[in-house]
Undergrad: 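Submitted below is the structure of interest, expressed as structure tokens.
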Amino acid sequence: MNEYPAWLVGARGAPSAHNTQPWLFAPLPDGRWQVRWNPERALPAGDPTRRDLYLSLGAAIESARLE
């Protein structure tokens, strides 16, 4: 069973536009974490400039920092 850090649990519950939850958190070998987005959760027709996508990623990062 994988144990997730508390901050990651908080980040996973962050608000996102259209409830898409597009973020992906991946651990790096040096102990840092990479934040990416899942293209399958993007909404190109409803968010052609990806503004909502970037706001959602920012909300996840902010939620992680608050934990």
Side-chain angles (χ1 to χ4, degrees):
M1 181 174 147
N2 289 338
E3 280 289 323
Y4 294 109
W7 64 264
L8 184 57
V9 175
R12 291 175 54 186
S16 61
H18 311 287
N19 200 28
T20 55
Q21 300 173 338
W23 46 79
L24 295 171
F25 290 88
L28 298 174
D30 63 4
R32 294 179 303 151
W33 285 74
Q34 180 182 47
V35 182
R36 298 177 295 175
W37 59 280
N38 183 347
E40 294 176 5
R41 292 184 170 261
L43 300 172
D47 187 21
T49 63
R50 296 186 181 159
R51 179 182 183 274
D52 291 341
L53 170 72
Y54 295 131
L55 289 173
S56 297
L57 292 175
I61 292 167
E62 183 69 21
S63 294
R65 294 188 50 85
L66 293 173
E67 197 56 40

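These numbers come from a predicted model, not from an experiment.
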Undergrad: I need the minimum non-hydrogen distance between Ser16 and Trp23, along with the two atoms involved.
TA: CB-CZ3, 3.6 Å
Undergrad: When clusters are formed by joining ILVMFWY residues with side-chain heavy atoms under 4.5 Å apart, either directly or through shared neighbours, do Phe25 and Leu55 land in the same one?
TA: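 No, Phe25 does not connect to Leu55 through the hydrophobic network.
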Undergrad: How close do Pro48 and Gly46 get, counting heavy atoms only, and between which atoms?
TA: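 Heavy atoms of Pro48 and Gly46 come nearest at CD-C, 3.6 Å.
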Undergrad: Kindly compute the distance separating CH2 (Trp7) from CD1 (Ile61), expressed to the nearest 0.5 Å.
TA: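 The distance works out to 9.5 Å.
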Undergrad: Considering non-hydrogen atoms only, spot the tightest contact between Pro15 and Ser63 and give its length.
TA: CD-OG, 4.5 Å
Undergrad: Between Arg12 and Gln21, which heavy-atom pair has the shortest distance, and what is it?
TA: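 Heavy-atom minimum between the residues: O-NE2, 4.2 Å.
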Undergrad: Count I, L, V, M, F, W, Y as connected when their side-chain heavy atoms are under 4.5 Å apart, and connections chain through other members. Are Leu53 and Leu24 then in the same cluster?
TA: no
Undergrad: Can you find a heavy atom in the side chain of Trp37 that is under 4.5 Å from one in the side chain of Ser56?
TA: no
Undergrad: Verify, without hydrogens or angle tests, whether Asp47 (side chain) and Asp52 (backbone) share a donor-acceptor contact under 3.5 angstrom.
TA: yes
Undergrad: Same cluster or not: Trp33 versus Tyr54, using hydrophobic residues (I, L, V, M, F, W, Y) connected whenever any side-chain heavy atoms lie under 4.5 Å apart?
TA: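 Yes; tracing contacts between hydrophobic side chains, which count when under 4.5 Å, links both residues.
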Undergrad: With rounding to the nearest 0.5 angstrom, report the OG1 to CD distance, Thr20 to Glu40.
TA: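 The OG1 atom of Thr20 sits 12.5 Å away from the CD atom of Glu40.
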Undergrad: For Ala14 and Ala60, work out which heavy atoms get closest and say how close.
TA: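 Shortest heavy-atom separation between Ala14 and Ala60 comes out as CB-CA, 3.6 Å.
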